[in-house]
Amino acid sequence: MVGNLYVHFPFCRRKCRYCALYSHVGVPASARAAYVRQLAASVGSLAEGLARWGVADGGFGKLKTVYFGGGSPALCDLRPLLAALAPYRTAETEFTVELHPLDVTDDVLGMLRDGGVNRISMGVQSLDDATLAAMGRGYTAAEAARAFARVTRVFGNAGIDLIVGYPGDPCVGWARLGDWGLRHASVYSLQNERGLADVPDDDWTLDRIRAAAAALAALGLARYEISNYAVPGAECRHNLAVWRGEDYVGLGAGACGRIGLLRTRNFGVCPPYEVETLSPERDALERRIFRLRTREGLDATGYPQWGQALASACESGLLTRENEIYRLTSRGTEVCDAILAELV
């Protein structure tokens, strides 16, 4: 039985200027409702679908984590899917939904609370009004702060996403977050996949990420993964499950999943599904290696071929070693992808 679920909602009110994720704008409410109904129906037929690729016992057990991402999930009436998932939730299930600040209404928050959601991730992206306008976000920093305050009146476990490196964004004012009551924050460097001009260089971006990390640390949020910070106990369990190499189902258009030796995409929506079967060796490698991104570190036991690359990274001050566990230093977090490339 699979214990982690990601569901993708590819609907947006507008396309942000930096975003290259799979999403659509202008989709009518009737089509969004049909999409949710289709996802709800797929919950009960999951095991049958996976059996076609040789996965036995591939349905849901009691879910440890559920994550609704997008896009903007709250552009949909989510109640049919929330009801379909109810038999698989327990009091211990972490259930996260991503919210756009413009989606924060009493009706939406009530729907989510009543449907078992207990964690919110709100996409703020910038604290600078001019940058938010340039991004096409449709709100000011003050409006985002008010939306988040509204969220925290209903959900005790809530956090935000921020982007560093958008052209013209000064990426300052982190101290203002002290009034927000954050339990979690994700700070991502801009991935310039849409060809924006005048993007700051890597040194500038890394300097601002260091400043953000220091400000969040002062607020009691410790870095537990390269881009993620939380007060103790508020780490995102869903994302940790992925980084630890656990199985997770990905439902919806554009959603990726990992089940046994399978990598899946677009599961639970109209075929054709995309399924890739990995060798046991490749599967084990991929499930192991991304633990390096977390403060738990990478256990190199059984991978002697990594020895030279890991030793070199330690000598360069990028990693520390404790027995066979390797962890990133502050400098190492800035070049983790290069270290992973050496190991793969």
Side-chain angles (χ1 to χ4, degrees), residues 5-43 66-84 96-112 115 117 120-126 129-141 143-144 146-148 150-151 160-163 166-169 186 188 190-197 250-257 265-274:
L5 169 66
Y6 173 80
V7 186
H8 192 67
F9 295 85
F11 310 115
C12 294
R13 55 176 47 80
R14 67 183 72 175
K15 191 75 172 178
C16 297
R17 293 189 177 96
Y18 58 83
C19 183
L21 296 176
Y22 179 78
S23 63
H24 301 288
V25 299
V27 177
S30 58
R32 285 179 268 140
Y35 181 83
V36 173
R37 290 194 300 270
Q38 189 175 21
L39 290 174
S42 73
V43 170
V66 181
Y67 196 107
F68 284 8
S72 297
L75 289 179
C76 299
D77 180 352
L78 299 171
R79 283 171 288 195
L81 181 56
L82 294 172
T96 303
V97 173
E98 292 182 353
L99 285 182
H100 188 289
L102 296 180
D103 292 330
V104 177
T105 66
D106 289 343
D107 286 346
V108 166
L109 296 176
M111 172 183 67
L112 299 178
V117 174
I120 298 296
S121 178
M122 196 178 84
V124 174
Q125 315 310 8
S126 176
D129 288 348
T131 302
L132 289 169
M135 288 176 167
R137 295 294 290 173
Y139 53 83
T140 65
E143 288 167 338
R146 288 194 290 271
F148 191 75
R150 204 170 183 177
V151 166
I160 64 173
D161 289 0
L162 295 165
I163 294 174
Y166 193 86
D169 191 345
S186 300
Y188 301 107
L190 176 74
Q191 302 300 303
N192 191 20
E193 297 172 305
R194 300 192 71 187
L196 296 172
L251 289 183
C256 297
R265 185 175 171 86
N266 299 333
F267 209 85
V269 292
C270 293
Y273 309 134
E274 297 177 27

Heavy-atom side-chain proximity of [X] to [Y] below 4.5 angstrom:
{"X": "E98", "Y": "Y67", "value": "yes"}
{"X": "L82", "Y": "F68", "value": "yes"}
{"X": "L112", "Y": "I120", "value": "yes"}
{"X": "V124", "Y": "R137", "value": "no"}
{"X": "I163", "Y": "T131", "value": "no"}
{"X": "V117", "Y": "V66", "value": "no"}
{"X": "L190", "Y": "D169", "value": "no"}
{"X": "D161", "Y": "Y188", "value": "yes"}

(request) Apply side chain to side chain contact (heavy atoms under 4.5 Å, CB included) to the pair F9 and L75, showing each step before the final yes or no. (result) CA-CA 9 Å; F9 295 85; L75 289 179; over 6 Å; no
Closest non-hydrogen atom pair between [X] and [Y], with its separation:
{"X": "L132", "Y": "A141", "result": "CD1-N, 3.5 Å"}
{"X": "A133", "Y": "R17", "result": "O-NH1, 3.2 Å"}
{"X": "G250", "Y": "A255", "result": "C-CB, 3.7 Å"}
{"X": "L39", "Y": "S42", "result": "O-OG, 2.7 Å"}
{"X": "M122", "Y": "A144", "result": "CE-O, 3.3 Å"}
{"X": "A74", "Y": "V108", "result": "CB-CG1, 3.9 Å"}

(request) Just jot down the side chain to side chain contact (heavy atoms under 4.5 Å, CB included) partners of R14, sequence neighbours excluded, or say none. (result) none
(message) Once you measure the plane-to-plane angle for Y35 and F11, does it fall in the parallel (<30°), tilted (30-60°) or perpendicular (>60°) bin?
(response) perpendicular
(request) Give the ring-plane orientation class for Y139 versus H100, where under 30° counts as parallel, over 60° as perpendicular and anything between as tilted. (result) perpendicular
Output the distance between atom [atom1] ([X]) and atom [atom2] ([Y]), rounded to the nearest 0.5 Å.
{"X": "E193", "Y": "L21", "atom1": "CD", "atom2": "CG", "answer": "7.5 Å"}
{"X": "H8", "Y": "S23", "atom1": "NE2", "atom2": "OG", "answer": "6.5 Å"}
{"X": "R150", "Y": "L99", "atom1": "CZ", "atom2": "CG", "answer": "11.5 Å"}
{"X": "L162", "Y": "S126", "atom1": "CG", "atom2": "OG", "answer": "7.5 Å"}

(request) Kindly say whether P80 contributes a backbone atom to a donor-acceptor pair with the side chain of R37 at under 3.5 angstrom? (result) no
(message) Quick check against the 3.5 Å criterion: does N266 have a side-chain atom that pairs as donor or acceptor with the backbone of A253?
(response) no
(request) State which residues pass salt bridge (Lys or Arg N to Asp or Glu O under 4.0 Å) with D103; sequence neighbours excluded, sorted by chain then number. (result) R13
(request) Walk me through it: do R79 and V36 pass the test side chain to side chain contact (heavy atoms under 4.5 Å, CB included)? (result) CA-CA 9 Å; R79 283 171 288 195; V36 173; over 6 Å; no
(request) Might you work through the side chain to side chain contact (heavy atoms under 4.5 Å, CB included) test for Y166 and Q125, ending with a clear yes or no? (result) CA-CA 9 Å; Y166 193 86; Q125 315 310 8; over 6 Å; no
(request) Show the numbers, then the answer: is there a side chain to side chain contact (heavy atoms under 4.5 Å, CB included) between V104 and R146? (result) CA-CA 10 Å; V104 177; R146 288 194 290 271; over 6 Å; no
